[in-house]
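Because only heavy atoms are used, hydrogens play no part in the values below, and waters and symmetry mates are left out as well, while side chains stay in.
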Amino acid sequence: MRFTVSSTALSSKLNALSRVINNKNSLPILADFLFDIQTGILYLTASDSENVMNTQLELTDSDSDGRFAISSHNLLEAVKGFSEQPITFDVNLESNIAKISYQNGLFSLPVENADEFPQAQAVSEGATKIVIPNALLAENITRSLFATAQDELRPVMNGIFFDLTPESLALVASDGHKLVRNKVLTVHSEVPASFILPKKPASLLKNILGKDGGDVTILFDERNAQINYGDGQITCRLIEGRYPNYNSVIPQGNPNQLTVDRLALLAALRRVQPFANDSSNLIRFHVDGGTLQLDAEDYDFSKTATERMSCEYNGQPMSIGFKGSSFIEILSNFDCEEVIIQLADPSRAGLVLPSEQPENQDVLMLMMPMLIND
């Protein structure tokens with residue numbers, strides 16, 4: 001079997017696929033890429049047994065169809081430094097050797113039987129279908145990922161919850177201290193459905209999506225999801241279990257509203273945070289009239305910091321404590337000029353919203369307060 005492919009196109013596809021492969025695998029063949037040539041098209045697959053990623057590539061030349069698996073590490077190292085040029089694979093399935101030739105040289109690698117490569121678990125025929133624009137899904141996943149948990153006792157918190165209702169598609173992530181809820185108002189269904197996407201396939205999608213137009217189609221049942229985008233596909237096992245009722249923790253009608261320049265607040269928090277106690281990372285927000293004051297202190301090391309900035313505030317004077325690193329993460333995952341911080345009292349959750357919502361979306365982030373000693 002002999003075929004020819006563009007070096008840069010192959011390298012780009014293999015680099016994307018390589019993110020699926022684990023350093024340690026339950027099966028040795030999971031350290032390989034699966035090559036499947038069918039009528040002039042090269043179908044490439046990588047897997048870690050729970051997540052399977054496929055993509056395809058048009059061949060310059062091909063003399064027959066066939067399948068084989070080849071070491072991901074060795075092949076990536078070999079092709080990543082090539083300038084644009086044709087690479088020819090000459091594969092002998094009897095001797096299990098692939099000879100790979102290019103402009104200035106030749107190398108050979110062992111190949112393995114493709115039949116040993118595990119197959120992806122297909123979704124059932126009655127799977128629920130979601131169609132969403134590529135860039136919109138990428139934006140919402142990127143905005144949510146930071147808020148997912150790493151909790152062995154509550155695995156349902158370790159992914160992004162997709163909640164499809166008659167009103168919208170909500171993407172929700174929370175670690176119990178902070179929460180992100182993104183509503184996509186243009187995607188909805190008369191029949192409610194939901195699933196929890198694990199962090200790894202969500203991260204893969206974050207890196208792949210948003211680079212071209214078109215739509216992403218998500219098919220999911222109780223156990224698996226199949227996500228089709230452009231010329232690729234990810235099939236993954238979902239997190240099983242019931243996601244907490246996130247709507248019940250979002251306060252309604254926080255009366256005290258603070259509007260502030262997002263980048264200015266972000267810069268101020270980054271200056272003040274190093275002076276906070278390392279274990280608590282507590283920063284006190286004191287707001288009164290048109291002034292927001294940030295205070296951090298670590299008396300164990302005789303460190304304190306205070307910074308004041310102007311803002312718009314409608315409400316009672318208040319001091320409330322937040323974890324500095326988490327608030328920095330929240331502000332970093334908005335792209336608006338100003339944010340609105342809605343507060344009730346120092347013991348209740350604060351809401352952070354963009355001053356202008358993205359088109360056909362409703363974005364909200366929540367931060368639980370920390371106890372401060374007056």
Side-chain angles (χ1 to χ4, degrees), residues 1 3-22 25 29-62 65-80 82 84-89 91 98 100 109 111-112 114-123 131-135 137-138 141 197-198 200-220 224-237:
M1 176 173 54
F3 61 91
T4 303
V5 63
S6 156
S7 61
T8 52
L10 178 64
S11 180
S12 173
K13 298 291 187 184
L14 294 181
N15 271 313
L17 288 177
S18 68
R19 297 189 177 102
V20 183
I21 299 173
N22 292 333
N25 296 290
I29 201 165
L30 292 176
D32 292 1
F33 293 122
L34 177 64
F35 279 58
D36 186 0
I37 295 92
Q38 298 178 29
T39 59
I41 304 293
L42 170 59
Y43 296 91
L44 294 163
T45 304
S47 173
D48 64 1
S49 78
E50 291 194 347
N51 305 285
V52 180
M53 188 170 171
N54 310 90
T55 189
Q56 63 188 64
L57 187 58
E58 196 167 325
L59 297 174
T60 309
D61 185 42
S62 172
D65 293 352
R67 303 168 73 237
F68 62 92
I70 192 167
S71 165
S72 61
H73 176 73
N74 290 330
L75 188 58
L76 274 173
E77 288 298 310
V79 303
K80 71 179 182 181
F82 283 163
E84 171 55 36
Q85 59 182 284
I87 299 180
T88 299
F89 286 69
V91 184
I100 301 153
L109 288 171
V111 299
E112 297 183 60
D115 294 337
E116 296 178 17
F117 204 90
Q119 298 295 310
Q121 289 288 327
V123 296
V131 179
I132 182 171
N134 185 312
L137 180 59
I141 288 176
L197 183 68
K200 183 171 180 177
S203 298
L204 293 170
L205 288 167
K206 173 187 171 182
N207 290 318
I208 294 164
L209 298 180
K211 297 176 182 176
D212 51 24
D215 289 338
V216 176
T217 301
I218 304 173
L219 299 168
F220 66 94
N224 301 294
Q226 178 182 303
I227 303 161
N228 301 299
Y229 57 90
D231 59 2
Q233 179 188 95
I234 292 177
T235 305
C236 62
R237 192 172 300 163

Requested in this report: Report the residues that fulfil salt bridge (Lys or Arg N to Asp or Glu O under 4.0 Å) with Glu112, sequence neighbours left out, ordered by chain and then residue number.
Outcome: none
Query raised in the report: For the side chain of Ser7 and the backbone of Gln85, is there at least one donor-acceptor N/O pair under 3.5 Å apart?
Result: yes
Report task. Could you label the plane-to-plane angle of the Phe89 and Phe3 rings as parallel, tilted or perpendicular, counting under 30° as parallel and over 60° as perpendicular? Result -> parallel
**Report entry** Exercise: identify the closest heavy-atom pair between Asp48 and Glu50
**Finding:** OD1-N, 3.0 Å
Requested in this report: Would you mind reporting whether Leu30 and Pro118 have side-chain heavy atoms less than 4.5 Å apart?
Outcome: yes
Requested in this report: Search all heavy atoms of Ala122 against all heavy atoms of Asn224 and return the closest pair with its distance.
Outcome: O-ND2, 4.2 Å
Report task. Please name the residue in the list Thr88, Val91, Ile70 that meets the side-chain contact (heavy atoms from CB on, under 4.5 Å) test with Ile100. Result -> Ile70
**Report entry** Partner residues of Thr8 under the side-chain contact (heavy atoms from CB on, under 4.5 Å) criterion, sequence neighbours left out
**Finding:** Ser6, Glu84
Query raised in the report: Short question: side chain of Asn51, backbone of Cys236 - any donor-acceptor pair under 3.5 Å?
Result: no
Requested in this report: Would you indicate whether the side-chain heavy atoms of Arg67 and Ile37 approach each other to under 4.5 Å?
Outcome: no
Query raised in the report: Which of these, Val79, Leu10, Leu76, sits in a side-chain contact (heavy atoms from CB on, under 4.5 Å) with Asn15?
Result: Leu76
Query raised in the report: What are the two closest non-hydrogen atoms of Ile21 and Ala31, and how far apart are they?
Result: CG2-CA, 4.1 Å
Query raised in the report: Hey, are the side chains of Thr235 and Gln233 touching, using non-hydrogen atoms and a 4.5 Å cut-off?
Result: yes
Query raised in the report: In Å and rounded to the nearest 0.5 Å, what is the CE to CG distance from Met53 to Leu204?
Result: 6.0 Å
Query raised in the report: Say you draw a straight line from CG of Leu17 to CG of Leu44; how long is it, rounded to the nearest 0.5 Å?
Result: 6.0 Å
Query raised in the report: Can you tell if the side chain of Asn22 reaches within under 4.5 Å of the side chain of Lys200, non-hydrogen atoms only?
Result: yes
Query raised in the report: If we only count heavy atoms from C-beta on, is the Leu197 to Ile227 side-chain gap below 4.5 Å?
Result: yes
Query raised in the report: With no hydrogens and no angle check, do the side chains of Gln38 and Asp36 hold a donor and an acceptor under 3.5 Å apart?
Result: yes
**Report entry** Distance-minimising heavy-atom pair for Ser11 and Lys80
**Finding:** OG-CA, 3.8 Å
Requested in this report: State, with a plain yes or no, whether a side-chain heavy atom of Ile132 is found less than 4.5 Å away from one of Leu209.
Outcome: no
Requested in this report: Run the numbers on Glu58 and Ile41 for side chain to side chain contact (heavy atoms under 4.5 Å, CB included), then give the verdict.
Outcome: CA-CA 5 Å; Glu58 196 167 325; Ile41 304 293; 4.1 Å; yes
Requested in this report: With side chain to side chain contact (heavy atoms under 4.5 Å, CB included) as the test, would you mind laying out the steps for Asp231 and Lys13 before giving the verdict?
Outcome: CA-CA 10 Å; Asp231 59 2; Lys13 298 291 187 184; 2.4 Å; yes
Query raised in the report: Is Ile234 close to Tyr229 at the side-chain level, that is, under 4.5 Å between some pair of heavy atoms?
Result: yes
Query raised in the report: Please walk me through it: do Gln226 and Asn228 pass side chain to side chain contact (heavy atoms under 4.5 Å, CB included)?
Result: CA-CA 6 Å; Gln226 178 182 303; Asn228 301 299; 3.3 Å; yes
Report task. Determine whether Asp32 and Ser72 make a side-chain contact, defined as any pair of heavy atoms from C-beta on separated by less than 4.5 Å. Result -> no
Requested in this report: For side chain to side chain contact (heavy atoms under 4.5 Å, CB included), just list the numbers for Asn54 and Tyr43, CA-CA rounded to whole Å, side-chain angles, deciding distance to a tenth of an Å, and then say yes or no.
Outcome: CA-CA 7 Å; Asn54 310 90; Tyr43 296 91; over 6 Å; no
Query raised in the report: How close do Ala46 and Phe33 get, heavy atom to heavy atom, and via which atoms?
Result: CB-CD2, 4.1 Å
